[in-house]
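This report concerns only the one structure given below.
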Amino acid sequence: MMVKHVFSFLEGDGKNKKLLGGKGANLCEMTQIGLNVPPGFVISTEACVQYLEAPNGELPEGLLDAVKVHMADIERATGKKFGDPDNPLLVSVRSGSAMSMPGMMDTVLNLGLNSQTLHGLIRQTSNERFAYDAYRRFIQIFGKVAMGIPDQYFDETLDAIKVRAGAISDVDLTIEDLKEIVELFHNVVEEQKFRPFPEDVWEQLNIAIKAVFNSWSGKRAVDYRKQFNITLDQANGTAVSIVAMVFGNMGNDSGTGVGFTRDPATGENKMFGEYLVNAQGEDVVAGIRTPRPIQAMAQEMPDLYHQLEELRDRLEKHYREVQDFEFTIEKGILYCLQTRNGKMNATAMVRTSVEMVNEGLLTKPEGLLRINPEHLEQLLYPGLDPNFKAEPLSQGLPASPGAASGKCIFDADSAERIGRAGQKVILVREETKPEDIHGFFASQGILTSRGGKTSHAAVVARGMGKPCVAGAEGIHVDTEHRLAIVGDRVLHEGDIITIDGGTGNVYLGEIPTIEPEFSSYLHTLLDWADESAKLGVMANADTPEAAEKARNYGAVGIGLCRTERMFNAVDRLPLVIDMILADTVEQRKEALNRLLPIQRSDFSGILKAMAPYPVTVRLLDPPIHEFLPSEGELEVQIEDLRRLHDTARLTEKNVESLKLIDPMLHSNYMAQRQGLPAFFASLDLTLIDAALAKKELMLQRARILKEVNPMLGHRGVRLAVSFPEIYEMQIRAILEAAADCIKEGIEVHPEIMVPQVCSVLELEYVQKIIDQVKKEVEESHGVEVNFKFGSMVEVVRACITADELAGASEFFSFGTNDLTQATFSFSREDAENKFLPYYQQQNILPENPFESLDVKGVGNLMKLAVKGGRSVRPDLKIGICGEHGGHPASIRFCHHAGLDYVSCSGPRVPIARLAAAHATMLEKSYDK
Ligand code: PEP
Ligand code: MG
């Protein structure tokens, strides 16, 4: 039996996007719910795949016969006839796959025009100008898409006539001009293809269907699918919708436009869009004429505006999603040509979710699930620092929010090359076309001098979440000479500019940016997320400021406070170095005693910033030699000091260099010279000698402590086994800080966490130190200090012996950075920039396991640890604090593995909160 490949809009299944493409399915659905859609039919994606796979390059057998039958239906519905010289039917041949790929594939309009039907169209419409205009558009589109003639040949011809006629835009062209253009376009075809433009309308249709099918495998479409990871499972082939043409350029009671049922930039519940009177759809999208805001239609065409509002309501009620629709008005009749789910930025997604739930259009789970957690990252985009006063160079339309700076680059290929080389780029174009897509990927932002908020540049940038300023008409882009003229200023390629997609401003130079504020809509949405999430979301934070921020992001505690970050601060490092250089336990204790008050105040600040939520402090983890300069650096510093010793007289220049060689020596020297000019102040040799001796000791210690494999070396709890006084000082600092807080009446919940544990005996060893310190602190402070004691689980042996560890810990926290390293034997320092990209390219590891948790390997070890731990201690609290704690798919795994919380960097907390809610709501569909 022959497979059915062709479906009329009245019979096609509006839900079957895979078969009919998003556009085709929607045309069917819109027709079937009674919207005014021009008659038409869809050729399936299956036919496309069959055609692309056919060795003979022919359409599937019987397809054209079925097309003829359906064309006859359109003829009946419209009362027109395809190819008829008196009353011709014209159609559009449109692409559309299961996944939306805006502008990435081809579409042909006005098909069915030839030198005969042209006159029929003139008679039908009594509008010769319109008919010639439609004809020349058709020759250009068909020539480009179906015959492969580059646009440039047509554009040059058109521009030459425009210049000669003094026409500013296409509407200024006369009938005579258009007739000449038609003739010249025919010549272009003959010159380029050595054949006349096809007169036979069926031949036109046949070629156009093949061309649209072929555009599925065109470079633009392939690049787009690669970038957005669109797999064959999601979309395979494009469908072709053949639709009776309706014309928006039949006079002042005609027009065309695009609309969003809500504002796609802000989410406001207000129809958003643009339209042009007496124009075709492509005029709006290509930015050839600058369209008017849709609200202006309320005055200009009130009755039609009312119909449009009705259409908007029907679309939203039916699809229960913001719609991005195209409409055309032909002689006062409104047609809906297309609708699809609106692509919006995160701000708009959040607001529309909250409002659509409040309006009763969506349930809360639906409102939450329609937002991809990663998408929220956009809300964390920087805006321009308002305190930085700068005059904009120019202004355009705020087309996609966010601010970005970079070198202005005038074509997509260069933008791709320079952007890929790691430089920041702003793609600057007069207008963009779908073939510029690779330039978008590599750019920080997009700036165009023509076109509206629904122009190609705006739509694509919004979809990608990149800032875009569109239609900055004050900028004249001269791609040929690689410059742009703004008033009396010339911008050369490579000059740095900043664009603000929130205001439409364009600035010269780089402007500082600041973090954005949370909107009340986002707060509401995330509160709803928290209501359904089972996983708690904590933050990784090491300072009171970071804790404060994390709290504002909605973290309910700190899941990882890395104490080594505090050791690295400039005022502490010298003390840490003294501790490392100590020869005896006493000397080490003496240095640690000086560190104690500093650590105590660190912990006190963090505990207060997070009170009453828990704060998990991890005891020192990295090998101590990481606090020393490298051997090489020390050797150079020693050499420099020796040279200084020989000179013993400083110029201003080497006073500065002294700061770099030895900051301590520099400050001693500055104190000693007391305002004398450097030239007069010779350096005290004893100061240099002392500094030299210290550097030499550091070098010696660096050589002794050096490890071949520091990641598997003397770190974590192993440090405590060799130098217990380090952990003792840290534990004392935590408990004293907590005791002080308790005395101030602040409720605090410290948790002490031991890194790199591989044996329960290590935990018991640390527990003994804790018991002793706790006793002393409670006695000295006169208060009881309650806290939890737990283990990081980041060593393979810890997973395997988790039942034993649970006997000595009240909580586990998976350190999946180290656990991934250990599971794969991939160095976390080197793998990502050495061999992992090849693994990803070859699909051996499609995803980077340091980003996306490796469920089969690391995940199974985690499950083993959860099972082992809870078998001994059923109420064992379990979380994750590796980078995966902020990654949505990994969070989903953690939910299923039975964890209690995830901990991630502060700005990812909102993403994790939403992902945690998704994990609960999608529990049943999880693929184990
Ligand atoms: C980990 O290993 O996952 C972890 C959180 O610790 P760090 O990254 O500090 O080693
Ligand atoms: Mg670790």
Side-chain angles (χ1 to χ4, degrees), residues 537-543 546 550 555 557-568 606 614-627 707 709-720 727 730 751-758 762-763 766 790-799 802 805 809 811-832 848-855 857-859 861-862 865-866 877-887 890-891 893-894 897 899-906 908-909 912:
V537 179
M538 312 238 259
N540 295 355
D542 319 314
T543 61
I558 291 182
L560 174 63
C561 170
R562 292 178 163 104
T563 47
E564 59 271 19
R565 303 252 165 109
M566 300 163 186
F567 279 15
N568 266 321
I606 295 175
V615 172
T616 316
V617 180
R618 183 179 73 185
L619 301 173
L620 195 66
D621 186 24
I624 50 175
H625 54 78
E626 283 197 1
F627 298 101
E707 293 174 291
N709 221 332
M711 273 290 162
L712 306 178
H714 196 173
R715 61 178 293 206
V717 67
R718 299 157 215 164
L719 283 172
Y727 273 23
Q730 290 196 301
E751 305 196 341
I752 299 176
M753 180 158 80
V754 187
Q756 304 296 333
V757 172
C758 68
E762 289 167 329
L763 287 173
V766 178
S791 175
M792 283 205 68
V793 178
E794 53 184 344
V795 170
V796 176
R797 193 175 189 281
C799 296
L805 300 196
S809 16
F811 67 91
F812 281 174
S813 179
F814 286 107
T816 45
N817 304 334
D818 276 312
L819 191 56
T820 301
Q821 168 174 266
T823 307
F824 282 87
S825 283
F826 283 177
S827 156
R828 57 189 271 197
E829 302 292 304
D830 296 316
E832 283 172 290
N848 173 353
F850 290 103
E851 241 168 59
S852 178
L853 197 130
D854 158 53
V855 170
V858 178
L861 280 171
M862 288 170 70
V866 171
K877 179 169 133 178
I878 306 180
I880 176 174
C881 62
E883 288 311 302
H884 306 90
H887 179 261
S890 312
I891 291 172
F893 167 79
C894 292
L899 269 57
D900 298 297
Y901 70 91
V902 297
S903 186
C904 58
S905 72
R908 288 200 76 84
V909 165

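Order of appearance sets the numbers: ligands from 1, and atoms from 1 within every ligand. Just so you know, residue 1 is the first one in the sequence shown, and it goes up from there.
- Set against the non-hydrogen atoms of Glu794, the atoms of ligand 1 under 4.0 Å away are 1 (C), 2 (O), 6 (O).
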Self-check item: side-chain contact (heavy atoms from CB on, under 4.5 Å) between Leu853 and Ile880, intermediate numbers included
Solution: CA-CA 11 Å; Leu853 197 130; Ile880 176 174; 4.0 Å; yes
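- Note on Glu707 versus Arg715: no salt bridge recorded, every NZ/NE/NH1/NH2 to OD/OE distance being 4.0 Å or above.
- Among protein heavy atoms, atom 6 (O) of ligand 1 sits closest to Arg618 NH1, 2.9 Å.
- Taking all atoms of both residues into account, the shortest heavy-atom contact from Gly886 to Ile891 is C-CD1, 4.0 Å.
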Exercise. Walk me through it: do Glu794 and Gln756 pass the test side-chain contact (heavy atoms from CB on, under 4.5 Å)?
Key: CA-CA 6 Å; Glu794 53 184 344; Gln756 304 296 333; 3.3 Å; yes
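- Listed by number with element, the atoms of ligand 1 under 4.0 angstrom from any heavy atom of Cys881 are 5 (C).
- Looking at Asp818 next to ligand 1, an N or O pair under 3.5 Å apart turns up.
- Under 4.0 Å from ligand 1, the heavy atoms of Arg562 that appear belong solely to its side chain.
- When the N, O or S atoms of Asp818 are ranked by distance to the Mg ion (ligand 2), OD2 comes first.
- Of the protein's non-hydrogen atoms, Asn817 ND2, 3.7 Å is the one closest to atom 4 (C) of ligand 1.
- The main-chain N or O of Asn848 is never found under 3.5 Å from a side-chain atom of Ser852 such that the two would form a donor-acceptor pair.
- Looking at every heavy atom in both residues, Ser813 comes nearest to Met753 through CB-SD, 3.5 Å.
- Closest approach of Ala539 to Ala550, counting heavy atoms only: CB-CB, 3.4 Å.
- Every atom of ligand 1 is numbered from 1 in the order shown, and the set under 4.0 Å from a heavy atom of Gly815 is 1 (C), 2 (O), 3 (O).
- The side chain of Arg715, and not its backbone, has at least one atom closer than 4.0 Å to an atom of ligand 1 (non-hydrogen atoms only; side chain from C-beta on).
- Atoms of ligand 1 found under 4.0 Å from any heavy atom of Asp621, numbered from 1 in the order shown, are 10 (O).
- At a heavy-atom distance under 4.0 Å, only side-chain atoms of Arg828, from C-beta outward, approach ligand 1.
- Glu794 lies close to the Mg ion (ligand 2), since one of its N, O or S atoms is found at a distance under 2.8 Å.
- Summarising the geometry of Asp542 relative to Met566, their closest heavy-atom pair is O-CE, 3.4 Å, with the distance given to 0.1 Å.
- A salt bridge links Glu564 and Arg618; the closest N-O separation between the charged side-chain nitrogens and carboxylate oxygens is under 4.0 Å.
- Polar contact check, Glu883 against ligand 1: no nitrogen or oxygen pair lies under 3.5 Å apart.
- Within the 4.0 Å heavy-atom criterion, the part of Leu560 lying near ligand 1 is the side chain and not the backbone.
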